[in-house]
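Scroll down for the structure; my scribbles are underneath it.
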Amino acid sequence: MTQPVSPPRDSTAKVPEAQPPAWRGLLARADVRTLSLLGVLAALIVVGGITKPDEFLDTRNLQLVLTQASVVGVVTVGMTFVIVSGGIDLSVGAIVALASVWATTVATQEYGFAGILFTAIAVGVGCGLVNGVLIAYGSLVPFIATLAMLASARGLALQITDGKTQIVTVPSVLDLGERDAYVLGIPPLVLVFAVVTVIGWLVLNRTTFGRRTVAVGGNPEAARLAGIDVRRQRLYLYLLSGLCCGIAAFLLIVLSGSGQNTNGNLYELDAIAAAIIGGTLLTGGRGTITGSVLGVLIFFTITNIFALNNLETAVQQIAKGAIIVAAVLVQRRTASTT
């Protein structure tokens, strides 16, 4: 019995090349953005070192920049999650103010360190809960709901303080801001910021919660059809933002040694701008914690350089506005080419 003969192979036929997975392209673009931001930050450090070498490169000045950036940086981590989900939170600065003054009243300070910390976080989470319920279950537009919270929180903070500064008298809180509390030359506030950043990165990139956040921001209807409870996810995200505001309020109390109704002024601008500069899309569906943190560091480095060179605050605000516009234009150009 003869065996069937297979047809001869065409040696000229080309074997289709395997396409690289899509995540590699996203990772490559993320690496490019991160390297670009690192390049900008390095350039700013060079500029600061050239214009004011003695002052800018001084260890105390660098510690000050990192400490100041830590407060806004914690807020920015929460803001990044909200924007990735397709939302916005204009109330973060006001929540920080309310949490800081509520945590520094005479009645609260009687409970010491734990009382101040608990109150700051509880107020932040409570405000986040109100925002989340109004947006997720009340069907309010995030812009309107958080704008209302901004006005309400600022008003309540003013009523609590009666326009006066509330001085912290708890030694254990004040000691965290002293140089004796530094760990290997690193201020405790910076360490807290680093921990929040690492946790935020892990949650966004390595957990189901992070994947659901990206899915809701990319296409809410598709996320719903995939079995994600979109409303509950949005509620959790505003709770997370409120938690970050509460932590930031406590850091600000340690940094300033007081609680004021003017605390957190324009934090919403700084946090949103830092997230945008870091590559987070305002339309949702994409963002990185690393990029947002680098955006915060860039902003505060610019502010520090301007201050050391005696430039007016108005110039700083104009520069920030120009940076935001440039970042959005770059985002649009990048989105149109991908």
Side-chain angles (χ1 to χ4, degrees), residues 60-78 91-124 127 150 153-183 186-196 242-271 274 296-297 299-301 303-304 306-308 313 316:
R60 289 178 179 268
N61 181 64
L62 296 178
Q63 290 172 337
L64 176 63
V65 172
L66 290 175
T67 301
Q68 293 175 337
S70 297
V71 181
V72 177
V74 172
V75 175
T76 303
V77 171
S91 63
V92 291
I95 294 175
V96 169
L98 179 58
S100 69
V101 300
W102 207 323
T104 54
T105 60
V106 175
T108 303
Q109 292 194 50
E110 291 179 355
Y111 293 94
F113 184 99
I116 293 176
L117 176 60
F118 173 80
T119 302
I121 292 178
V123 172
C127 292
L150 183 156
R154 283 288 178 193
L156 185 55
L158 178 60
Q159 185 177 24
I160 291 175
T161 61
D162 195 23
K164 300 176 183 178
T165 300
Q166 298 178 164
I167 304 300
V168 177
T169 58
V170 180
S172 57
V173 174
L174 298 175
D175 289 345
L176 289 177
E178 300 296 331
R179 298 189 63 84
D180 293 340
Y182 289 11
V183 179
I186 303 175
L189 275 66
V190 178
L191 295 176
V192 173
F193 176 35
V195 171
V196 171
L243 173 63
C244 289
C245 289
I247 296 173
F250 180 77
L251 297 183
L252 189 57
I253 291 171
V254 173
L255 182 62
S256 62
S258 64
Q260 305 176 55
N261 66 286
T262 56
N263 282 342
N265 187 35
L266 295 181
Y267 275 17
E268 57 277 357
L269 170 65
D270 291 338
V296 171
L297 295 178
F299 255 147
F300 276 86
T301 303
T303 301
N304 184 255
F306 283 179
L308 291 177
T313 304
Q316 299 179 27

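- The CG atom of Asn304 sits 7.5 Å away from the CD atom of Gln68 when rounded to the nearest 0.5 Å.
- Residues Thr104 and Gln109 are in side-chain contact: their nearest non-hydrogen atoms beyond the backbone lie under 4.5 Å apart.
- Across all their heavy atoms, Ala103 and Ile116 have their closest contact at O-CG1, 3.3 Å.
- Side-chain atoms of Leu243 and Ile247, non-hydrogen and from C-beta on, do get closer than 4.5 Å to each other.
- Separation of atoms OG1 (Thr119) and CD1 (Ile253) is listed at 9.0 Å; rounding is to 0.5 Å.
- One finds the CG atom of Asp175 at 8.5 Å from the CG atom of Asp180 (value rounded to the nearest 0.5 Å).
- Side-chain atoms of Ser91 do not come within 3.5 Å of backbone N or O of Ala94 as any donor-acceptor pair.
- Side-chain contact check for Ile160 versus Leu156: some heavy-atom pair is nearer than 4.5 Å.
- The local environment of CZ in Phe118 is sparse, with at most 12 non-hydrogen atoms from other residues, nucleotides or ligands closer than 6.0 Å.
- Of the possible polar contacts, one joining the Thr108 side chain to the Trp102 backbone as a donor-acceptor pair under 3.5 Å is found.
- The distance from the CG atom of Leu255 to the CG atom of Leu251 is 8.5 Å, given to the nearest 0.5 Å.
- Counting only heavy atoms from C-beta outward, the side chains of Asn61 and Leu308 approach each other to under 4.5 Å.
- Note: Thr67 OG1 to Phe193 CZ = 11.0 Å, rounded to the nearest 0.5 Å.
- Listed here is the closest heavy atom pair of Phe113 and Val170: N-CG1, 3.9 Å.
- In this structure, Cys127 and Leu98 approach most closely via the heavy-atom pair SG-CD2, 3.9 Å.
- With hydrogens and angles ignored, the 3.5 Å screen pairs a side-chain donor or acceptor of Gln166 with a backbone N or O of Val101.
- Between Val96 and Glu268, the closest side-chain pair of non-hydrogen atoms is not below 4.5 Å.
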* Apply side-chain contact (heavy atoms from CB on, under 4.5 Å) to Phe250 and Val74, showing your working. => CA-CA 11 Å; Phe250 180 77; Val74 172; over 6 Å; no
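- Scanning both residues, Ala99 and Ala249, for their nearest heavy atoms gives CB-CB, 3.6 Å.
- Two residues are said to be in side-chain contact when any heavy atoms from C-beta on lie closer than 4.5 Å; Leu252 and Tyr267 meet this criterion.
- Among Glu178, Arg179, Gln63, the one residue that satisfies the side chain to side chain contact (heavy atoms under 4.5 Å, CB included) test with Pro187 is Gln63.
- Tyr111 OH: 12 or fewer foreign heavy atoms inside a 6.0 Å radius.
- Closest of all the heavy-atom pairs between Asn263 and Ala97 is O-CB, 3.1 Å.
- Interatomic distance, Leu158 CG to Thr262 OG1, rounded to the nearest 0.5 Å: 10.0 Å.
- The side-chain heavy atoms of Leu117 and Ile121, taken from C-beta on, include a pair separated by under 4.5 Å.
- Closest of all the heavy-atom pairs between Val72 and Ala271 is CG1-N, 4.4 Å.
- Asn261 is not listed as a side-chain neighbour of Asp162, based on a closest heavy-atom distance of 4.5 Å or more.
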